[in-house]
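Nothing fancy with the numbering, it's 1 onward along the sequence.
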Amino acid sequence: MNDWFEAERHVERAHEFYEAGRWDEAESELLEALAINPNRPEWYFNLALTQEAAGKFDGAIDSLTRANELSPDDAQVLLLLGTTAVRAGRHEDAVKWLTRAEACAAEPIADSIVWRIDALTSLGRHDEAETAFYEVLQLPGQHAAAYANIAESLIERGQYDRAVYCLREAASIDPDLPRVHARLADAMARTGRHERARQLYLRELRDHPGDVDTLLDLGCLLVEMNRLSEAGEKFRRVLELESDNADAHFYLGDLSLRQHRLKEAEAAFQLVLRLEPRYPEARRRLAELHIRRGEVVAARRLLRKEFAEVRHDGLAFTDDDLGDLAELLLDVRLYRDAARALRLLTERRNGDSEAHHLLSLALLEQGDRPGGIAACRVAIRLNPRNIRAIHNMTLALMRDRQWDRARTFLNQGLELDPEDHGLKRLRVWMRLRSFVGLVERLIGRAGTAAPS
């Protein structure tokens with residue numbers, strides 16, 4: 001009996017610490033209670049709430065999993081499991097648990113469906129996300145978060161006007177939804193409505209002047225609008241709030257690079273890498289700096305490190321990251337590494353003509369003419385108007401002495417752009433080759449006709 005009372009006292013103290021925002025102490029008290037009586041699912045649930053409040057999402061998931069084992073049909077436990085998994089980036093698990101929560105509940109749970117939209121969007125399962133969106137619209141009430149979450153799916157699919165509509169609906173239903181005006185600003189910017197986007201970001205900042213994410217987003221928009229001094233002010237404001245914010249340091253470095261202040265850019269990118277050694281783009285921008293200065297050896301060293309990161313964890317790199325890295329690798333003549341990066345990119349974006357064109361360039365430069373021609377052929381099939389790919393195909397076929405095929409592609413390119421300087425140079429070479437061939441044939445005939 002004494003043990004039972006002791007466990008309850010630990011739970012009461014945990015509640016007091018939780019209310020005071022003292023998460024670690026609340027967690028310790030709940031662990032003491034569970035050590036005495038480990039069969040109370042509601043205590044595991046409370047422990048998970050405490051751990052989630054402290055940002056310990058994996059720990060919260062472990063606690064909720066134990067609660068679920070003790071009470072398998074508790075929809076609230078399953079719902080919290082699903083929402084915590086979304087926050088932890090475990091989206092497959094989130095979909096599984098949220099679906100189970102909805103199956104266990106006596107009535108449809110709108111919140112669960114809203115979170116499921118978020119998880120499905122992160123997994124790229126956009127059709128399922130849209131189906132879930134229409135499911136939640138059938139339920140009573142207004143669902144601002146559902147509109148906001150499906151807008152993210154629409155943005156990923158490039159359906160920006162629909163995203164703008166959904167975010168406007170979300171803002172109309174709940175103007176206090178976190179960053180709703182900032183998200184609407186992002187969608188507006190993607191449709192080219194930069195000034196309207198700027199105004200929306202400023203509206204968000206009037207309500208939340210210290211919102212670092214909004215300041216960074218507004219700064220990036222101002223860069224797009226070529227309002228560089230204003231952009232710099234926003235990034236420096238972020239550093240006033242968070243002096244070690246790697247994003248703000250990176251964007252200031254990028255601004256310096258754009259304005260040809262190379263020493264400032266270099267210092268900023270080096271600081272970013274000290275703060276976050278695996279920061280996306282910082283190593284590549286430093287390499288770009290070295291390339292501008294003609295310091296090819298230093299650029300190669302950095303790009304080899306970056307490519308090693310790709311080989312270690314390619315999923316951490318977006319398609320744009322891979323394309324950017326591959327082009328820099330081509331610039332410093334690391335053709336083999338460039339080809340490897342581009343093969344990964346073409347696996348992800350098999351319908352991207354430009355990626356196949358760059359792959360053909362890397363393969364041709366490293367001496368793989370058949371592979372380069374094959375990749376070039378794919379690039380032209382995907383986009384018959386890809387002039388650069390047509391140029392490379394013509395040149396590769398000329399080097400392979402396939403003159404008739406080379407002439408076919410050359411004519412195709414000149415029909416598309418008669419003033420393309422590269423193709424015009426190839427036409428001169430082709431005519432010179434024809435002239436040389438004619439002279440050789442005439443000489444051959446003269447030799448054959450000469451008297452013995």
Side-chain angles (χ1 to χ4, degrees), residues 186 189 212-213 215-239 242-342 344-345 348-349 352 354-355 358 361-362:
D186 175 55
V212 165
D213 289 332
L215 284 165
L216 289 170
D217 288 345
L218 175 55
C220 291
L221 173 67
L222 290 167
V223 170
E224 283 189 53
M225 297 173 74
N226 203 33
R227 298 168 71 157
L228 302 186
S229 61
E230 293 176 64
E233 290 172 11
K234 303 307 175 191
F235 299 141
R236 282 186 284 273
R237 173 61 182 146
V238 171
L239 293 177
E242 296 180 3
S243 61
D244 60 349
N245 187 290
D247 288 326
H249 284 295
F250 174 81
Y251 292 134
L252 283 170
D254 185 61
L255 273 181
S256 297
L257 195 60
R258 290 168 182 267
Q259 295 168 330
H260 308 289
R261 302 197 307 267
L262 302 189
K263 287 186 178 179
E264 291 178 34
E266 183 174 14
F269 294 140
Q270 287 176 341
L271 176 55
V272 171
L273 288 172
R274 284 199 297 274
L275 292 169
E276 290 188 29
R278 298 182 65 183
Y279 187 92
E281 295 185 73
R283 196 179 284 117
R284 299 200 299 276
R285 295 288 73 78
L286 266 178
E288 183 182 334
L289 243 171
H290 287 304
I291 291 169
R292 288 193 187 192
R293 293 170 173 168
E295 300 164 355
V296 175
V297 173
R300 284 179 174 175
R301 189 184 310 116
L302 287 163
L303 292 170
R304 283 194 175 106
K305 286 183 181 178
E306 189 80 346
F307 184 66
E309 293 285 351
V310 172
R311 299 186 74 177
H312 173 69
D313 184 13
L315 294 177
F317 286 71
T318 67
D319 293 355
D320 288 341
D321 287 334
L322 283 173
D324 184 26
L325 173 59
E327 292 202 47
L328 288 169
L329 288 166
L330 288 171
D331 286 344
V332 297
R333 301 185 295 282
L334 291 174
Y335 300 122
R336 190 175 300 279
D337 290 344
R340 289 172 178 167
L342 288 161
L344 179 57
L345 182 59
R348 293 186 186 180
R349 295 199 314 211
D352 186 334
E354 189 59 20
L358 290 173
L361 182 59

Student: Could you tell me whether a side-chain N or O of His249 sits under 3.5 Å from a main-chain N or O of Ala267, the two making a donor and an acceptor?
Tutor: no
Student: Look up atom CZ in Phe235 and atom SG in Cys220, then write down how far apart they are to the nearest 0.5 Å.
Tutor: 4.5 Å
Student: Using side chain to side chain donor-acceptor pair (under 3.5 Å) as the criterion, list what pairs up with Tyr279, not counting sequence neighbours.
Tutor: Asp247
Student: Give the C-alpha distance, both sets of side-chain angles, the deciding distance and a yes or no for salt bridge (charged side-chain N to carboxylate O under 4.0 Å, His left out) between Arg284 and Glu288.
Tutor: CA-CA 6 Å; Arg284 299 200 299 276; Glu288 183 182 334; over 6 Å; no
Student: Is Arg311 atom CZ crowded by more than 12 heavy atoms from other residues, nucleotides or ligands, each under 6.0 Å away?
Tutor: no
Student: Salt bridge or not between Arg285 and Asp324? Use side-chain N to carboxylate O under 4.0 Å.
Tutor: yes
Student: Does the distance from a Lys or Arg side-chain N to an Asp or Glu carboxylate O, for Glu266 and Arg293, drop under 4.0 Å?
Tutor: yes
Student: Minimum heavy-atom separation for Ala189 and Leu221, please, with both atom names.
Tutor: CB-CD1, 3.9 Å
Student: Rounded at 0.5 Å granularity, tell me how far CG in Asp320 sits from CG in Leu325.
Tutor: 12.5 Å
Student: Looking at every non-hydrogen atom in both residues, tell me the closest pair between Pro277 and Arg283 and how far apart they are.
Tutor: O-NH2, 3.1 Å
Student: Taking all atoms of both residues into account, what is the closest heavy-atom pair of Leu322 and Ala341, and its distance?
Tutor: CD2-O, 4.4 Å
Student: One thing to verify: whether Glu230 and Lys234 come together as a salt bridge, which I'm taking to mean a side-chain N less than 4.0 angstrom from a carboxylate O.
Tutor: no
Student: Do the side chain of Asp254 and the main chain of Tyr251 share a donor and acceptor less than 3.5 angstrom apart?
Tutor: no
Student: How close do Ala299 and Val332 get, heavy atom to heavy atom, and via which atoms?
Tutor: CB-CG1, 3.9 Å
Student: Please report the interatomic distance CG(Leu358) to CG(Asp352), rounded to the nearest 0.5 Å.
Tutor: 8.5 Å
